[in-house]
Amino acid sequence: MQLLLIHSDYIEYEVKKSTPVAEKIEESFKKGRLEEALTAFIAVEKIDEANVEGAVSKAVEEIKSVASQVKTDNIMVYPYAHLSSDLSSPKAGVAVLKGIEDTLSGEFNVKRAPFGWYKAFKISCKGHPLSELSRSIVPDETVPGAKSSECVTAVKEEVVSEALKAESTARSYWHILTPDGTLHDAEGFDFTGHENLGKFVDYEISKKRAVDKAPPHVELMRRLEIADYEPGSDSGNMRYYPKGRLIKSLLENYVLEETSKVGAMEVETPLMYDMNHPTLKKYLDRFPARQYSIESDKRQLFLRFAACFGQFLMNHDMTISYRNLPLKMVEMTRYSFRKEQRGELVGLRRLRAFTMPDMHSLCADMEHAMSQFDEQYNMCISVLDKIGIKVDDFEVAIRFTRDFYNENKDFITNLARTVNKPVLIEMWDTRFFYFVLKFEFNFVDALAKASALSTVQIDVENADRYEINYVDSDGNSRRPVILHCSPSGAIERCIYGLLEKEAMKAEKGGVPMLPVWLSPTQVRVIPIGEKHLDYALQVSEQLNCRVDIDDREDTVGKKIREAGREWIPYVVVVGDSEIEKGTINVTIRAESQPNKPVKSEMTPAELDAKVSVDIAGMPYKGLSLAKMLSQRPKFL
RNA sequence: GCCUCUGUGGCUUAGCGGUAUAGCGGCUGAUUCGUAAUCAGCAGGUCGGGGGUUCAAAUCCCCCCGGAGGCUCCA
């Protein structure tokens, strides 16, 4: 058993939310306070199960001895699982805690906090030498516990938004919606044929996360010279090498083009905002995210975690007619900042600084918003598809309030019908957030971890908060309904998704590669000897894509191997026979199997035509590195 | 933020109380090569940082920093 004893001016707690192992409790038990108390934080461990009575009596002895030293009669028995990584069963835990409570209550004024609940608590530590003690107790054999630790009474003030707090108390009802419109209980649903959905549901509901290795994209992002950790910054702020910057840039351009096609106007808004701006302050409280805050002179500023503020403040000042609706604005936020908790950050999956396309649509009313929602749902599917993440690669979650569902069953069902597979439903009794309806497309990776990509939300709060109005046909001023949309989700997360997807493909015996339009090198030309370099150059000039030439002094075998490790879609080898015939010898990655390259002899013009089919309609940029490989530095 | 694990030349890594091992990469030379690593030589390390224990620390202990996994959370 682990014991942490704190002599405090007062201790008070309040129950927030039950865990699966929570004991059933009375209403009066949900809050408690003791003045001038010795608080015993207790973690009951596996080893205590062997001798529950022994553990109880040892603990009581310790607590009594400390209580007499600090001269207090009030004792708070407080279950605190985090003291140990080898916890007992909940049953044994409750038994021990109750035992301690009962034994002590003869002599002391004892209170006990409930077991198995998330609790908020406040404690004021006295700070004298005996005020903080910890003990390790083993039944029948007392281990001399740790000595008095220093009294660290740093009061940390973290700004936690109301929405974050609300989220921890929100009661969720989980269902699976099949395309036929049936709402199944999520528990007990047969996921045969929908294994990824099963994993996603597990991830969302039961929070099962048995993972023992790093996600494969972390090694890939480095080996492919896309991105890397930057120890010189804050965690979750990455560096992007030329290849990574190229890929990001292409993705950003693509998503912006797609939003432009649906009529969005691109704008740019500030990265930092006044924390005490009255409107923003209220918004902060409604968004479930943590912010970076910075001090500048006497102002408290926060870094944006989305583009909402800037766009809404702009909307507020605009004159908008019903004729302008839906009014769409978009920004590629480089960056959005969220101060995610340390342990949440992994590679490109979750970052503290990330690039997110953020589009907002002002709609006349709910009906209008729903038809826009539907359009944007379809746009998101198509955007991810072009990026290389297909409908089968993600799982759909739709979240809404019960009222919304009851009024719009057909509408919701149609969303499941569009993707033609079962989707996860999360329903709330009351609206905790600013939206009544949202969906996300969740990528499920090789380790069964899920993370959201595209999302659209129907916001019914912020038009009021920001006082955004439009003038309707009757001349009256009205509040629009606002849609938040990130068509692709975070750009970095798309890269994560692509890399994870290809890692899974390689695992199953496929040949991994990026879509041709995103490949940093689309064609590599390898001259067999120095004398073929001129011809290689000529060939490269006939290709309208990102072509580089491996002019290094290495063997052909080695160059081929390296081109393969870089996932280059087309590898061209030229030597005497090609020069003679005016052709090239092309290895086509997309058609190859491991150890079975598919080679084809063609003319440069034929290859050019082939590549242009691959990249048709997608954004293009030139090479981000020197054309000649001998001139390229190594980043890793 | 908390818990657990982890950190050796640019990268991957051996060593786990007696100041360090190899491969890749880099440089030099030879080789000019037909599809998954040409050969030889050279340079490069205060073993993440700081403190402690010891005759002696990469190795043991403490603190800090980075990374991984979990709690939690999401784009």
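Quick note on labels: first sequence line is chain A, next is B, and so on, each numbered from 1.
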Counting only side-chain nitrogens and oxygens, does [X] get under 4.0 Å of the OP1 or OP2 atom of [N]?
{"X": "A:T455", "N": "B:rC74", "result": "no"}
{"X": "A:K339", "N": "B:rU72", "result": "no"}
{"X": "A:K449", "N": "B:rG70", "result": "yes"}
{"X": "A:T555", "N": "B:rC33", "result": "no"}

Validation row, ring centre [X] to ring centre [Y] under 6.0 Å:
{"X": "A:Y377", "Y": "A:F441", "answer": "yes"}
{"X": "A:Y273", "Y": "A:F309", "answer": "yes"}
{"X": "A:F305", "Y": "A:F337", "answer": "no"}
{"X": "A:H484", "Y": "A:F435", "answer": "no"}
{"X": "A:F373", "Y": "A:F439", "answer": "yes"}

Considering only side-chain heavy atoms of [X], which listed nucleotide, [options], is closest?
{"X": "A:M356", "options": "B:rC33, B:rU32, B:rA75", "value": "B:rA75"}
{"X": "A:I560", "options": "B:rG69, B:rA36, B:rA75", "value": "B:rA36"}
{"X": "A:F354", "options": "B:rU72, B:rC74, B:rA75", "value": "B:rA75"}
{"X": "A:E344", "options": "B:rG69, B:rC71, B:rA75", "value": "B:rC71"}
{"X": "A:N595", "options": "B:rG34, B:rG69, B:rA36", "value": "B:rA36"}
{"X": "A:A452", "options": "B:rG1, B:rA75, B:rG34", "value": "B:rA75"}
{"X": "A:R338", "options": "B:rC74, B:rG69, B:rG34", "value": "B:rC74"}
{"X": "A:E553", "options": "B:rC74, B:rU31, B:rA75", "value": "B:rU31"}
{"X": "A:V556", "options": "B:rC33, B:rC74, B:rG1", "value": "B:rC33"}

Could you pull out the protein-nucleic contacts involving nucleotides 26-28 of chain B (nitrogen or oxygen on both sides, under 3.5 Å)?
none

Less than 4.5 Å apart, side chain to side chain, heavy atoms only: is that true for [X] and [Y]?
{"X": "A:P487", "Y": "A:E258", "answer": "no"}
{"X": "A:Y570", "Y": "A:V547", "answer": "no"}
{"X": "A:D228", "Y": "A:L636", "answer": "yes"}

Using a 4.0 Å heavy-atom cut-off, does [X] contact any base of the nucleic acid, only the sugar-phosphate backbone, or nothing at all?
{"X": "A:K596", "value": "nothing"}
{"X": "A:A563", "value": "nothing"}
{"X": "A:E492", "value": "nothing"}
{"X": "A:D358", "value": "nothing"}
{"X": "A:S577", "value": "base"}
{"X": "A:L351", "value": "base"}
{"X": "A:G575", "value": "base"}
{"X": "A:L348", "value": "nothing"}
{"X": "A:V573", "value": "base"}
{"X": "A:G236", "value": "nothing"}

Would A:Y229 count as stacked on B:rG67 if the rule is ring centres under 5.5 Å and plane angle under 30°? no
NZ/NE/NH1/NH2 to OD/OE distance under 4.0 Å, [X] and [Y]:
{"X": "A:K243", "Y": "A:E566", "result": "yes"}
{"X": "A:E331", "Y": "A:R304", "result": "yes"}
{"X": "A:R245", "Y": "A:E252", "result": "yes"}
{"X": "A:K438", "Y": "A:E440", "result": "yes"}

Distance, [atom1] atom - from [M] to [N], rounded to whole angstrom:
{"N": "B:rU28", "M": "B:rA43", "atom1": "P", "value": "15 Å"}
{"N": "B:rA20", "M": "B:rA57", "atom1": "C1'", "value": "13 Å"}
{"N": "B:rU19", "M": "B:rC33", "atom1": "P", "value": "49 Å"}
{"N": "B:rG45", "M": "B:rU21", "atom1": "P", "value": "14 Å"}
{"N": "B:rC65", "M": "B:rG48", "atom1": "C1'", "value": "7 Å"}
{"N": "B:rG10", "M": "B:rG25", "atom1": "C1'", "value": "7 Å"}
{"N": "B:rG18", "M": "B:rU54", "atom1": "C1'", "value": "12 Å"}
{"N": "B:rU12", "M": "B:rG69", "atom1": "P", "value": "16 Å"}

Rounded to whole Å, please give me the gap between [atom1] in [X] and [atom2] in [N].
{"X": "A:Q341", "N": "B:rC3", "atom1": "CD", "atom2": "P", "answer": "13 Å"}
{"X": "A:E562", "N": "B:rC33", "atom1": "CD", "atom2": "C1'", "answer": "16 Å"}
{"X": "A:E530", "N": "B:rG34", "atom1": "CD", "atom2": "C1'", "answer": "16 Å"}
{"X": "A:R334", "N": "B:rA75", "atom1": "CZ", "atom2": "C1'", "answer": "17 Å"}

Using every non-hydrogen atom in the two residues, find where A:E492 and A:Y335 come nearest and quote the distance to one decimal. OE2-CE2, 3.9 Å
Can you tell me whether the side chain of A:E578 and the base of B:rG34 have a donor-acceptor pair closer than 3.5 Å? yes
Considering only heavy atoms and no angle criterion, is a donor-acceptor pair shorter than 3.5 Å present between the side chain of A:N585 and the base of B:rU35? yes
If you round to the nearest 0.5 Å, how far is CD of A:E395 from CG of A:L424? 9.5 Å
Single hit among A:T259, A:T269, A:V267 for side chain to side chain contact (heavy atoms under 4.5 Å, CB included) with A:M329: A:V267
5'-most contact on RNA chain B (nearest-nucleotide basis), A:R349 vs A:L345, goes to A:L345
By nearest heavy atom, map A:V346 and A:A450 onto RNA chain B; which one lands nearer the 5' end? A:V346
Examine distances only and state if a side-chain atom of A:K531 and a backbone atom of A:G575 form a donor-acceptor pair shorter than 3.5 Å. no
When every nucleotide of nucleotides 5-11 of chain B is labelled 5' to 3' by its protein contacts under 4.0 Å (heavy atoms), B for base, S for sugar-phosphate only, - for none, what sequence of letters results? -----S-
Just the dot-bracket of RNA chain B, please: which string comes out with Watson-Crick or G-U pairs under 3.5 Å, [ ] for crossing, | for another strand? ((((((((.[[[..)..(...]]].(((((.......))))).....[[[[[..)....]]]]])))))))....
